[in-house]
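Just the heavy atoms: all of them, side chains too, but no hydrogens, waters or symmetry mates, feed the values below. Along the sequence shown, the residues carry numbers beginning at 1. For clarity, every value in this text was computed on a predicted model and none was experimentally measured.
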Amino acid sequence: MEFSAKMIADLVGGKIEGNKEVTVSNVSKIEEGKEGTLSFLANPKYANYIYETEASIVLVDNDFKPEKKINTTLIRVD
């Protein structure tokens with residue numbers, strides 16, 4: 001089953017930054033992210049992976065401030 005960023009954001013009450021139509025059908029660790037997967041960034045020590053991950057969507061905290069360009073769609077949550 002595939003889920004769009006919009007569907008996920010609606011479910012978790014998040015705000016999308018990026019492509020709201022991108023879809024995922026699996027999950028992955030942020031450091032092992034592949035296209036078509038959903039990942040999350042919860043621990044700041046993994047923040048460097050957000051710039052390299054190929055995960056299509058990454059859940060991040062509302063307070064997350066990127067230090068450089070991110071190529072994935074973000075969903076910001078509380």
Side-chain angles (χ1 to χ4, degrees):
M1 180 177 237
E2 287 191 342
F3 296 92
S4 70
K6 181 174 180 351
M7 291 169 69
I8 295 167
D10 288 346
L11 284 170
V12 300
K15 180 181 172 195
I16 300 169
E17 290 183 11
N19 181 357
K20 68 180 181 178
E21 301 302 323
V22 67
T23 60
V24 295
S25 59
N26 210 339
V27 295
S28 65
K29 295 179 182 178
I30 195 165
E31 65 270 25
E32 298 172 359
K34 293 183 171 67
E35 188 175 338
T37 64
L38 169 69
S39 190
F40 68 93
L41 175 63
N43 188 330
K45 77 177 188 178
Y46 290 93
N48 60 312
Y49 291 110
I50 200 162
Y51 306 105
E52 304 166 4
T53 191
E54 293 180 22
S56 297
I57 302 171
V58 178
L59 297 172
V60 296
D61 187 272
N62 279 323
D63 297 329
F64 173 72
K65 292 180 179 34
E67 296 175 2
K68 54 186 173 181
K69 185 178 183 313
I70 296 174
N71 295 317
T72 189
T73 294
L74 300 180
I75 299 179
R76 292 186 176 270
V77 295
D78 287 331

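The two residues F40 and I30 have their closest heavy-atom pair at O-CB, 3.8 Å.
Taking OG of S25 as the reference point, atom CG of L38 lies at 10.5 Å (rounded to 0.5 Å). Atoms NZ and CG, from K15 and L74 in turn, are 11.0 Å apart once rounded to the nearest 0.5 Å.
Remark: N19 engages no residue in a side chain to side chain donor-acceptor pair (under 3.5 Å) (not counting sequence neighbours). Under the salt bridge (charged side-chain N to carboxylate O under 4.0 Å, His left out) criterion, D10 pairs with K6, sequence neighbours left out.
Residue pairs meeting the side chain to side chain donor-acceptor pair (under 3.5 Å) criterion with at least one member in residues 35-59, sequence neighbours excluded: S28-T37. Applying the salt bridge (Lys or Arg N to Asp or Glu O under 4.0 Å) test to residues at least two apart or on different chains, the pairs with a partner in residues 17-32 are E17-R76. Within the structure, side chain to side chain donor-acceptor pair (under 3.5 Å) pairs that include any residue of residues 60-75 comprise N62-D78, K69-N71 (at least two apart or interchain).
Taking hydrophobic clusters as Ile, Leu, Val, Met, Phe, Trp and Tyr residues chained together by side-chain heavy-atom distances below 4.5 Å, V27 does not share a cluster with L41.
V77 is not listed as a side-chain neighbour of V60, based on a closest heavy-atom distance of 4.5 Å or more. With contacts defined as side-chain heavy-atom distances shorter than 4.5 Å, the pair F64/I70 qualifies. Looking at I50 and V58, their side chains come closer than 4.5 Å, going by heavy atoms from C-beta outward.
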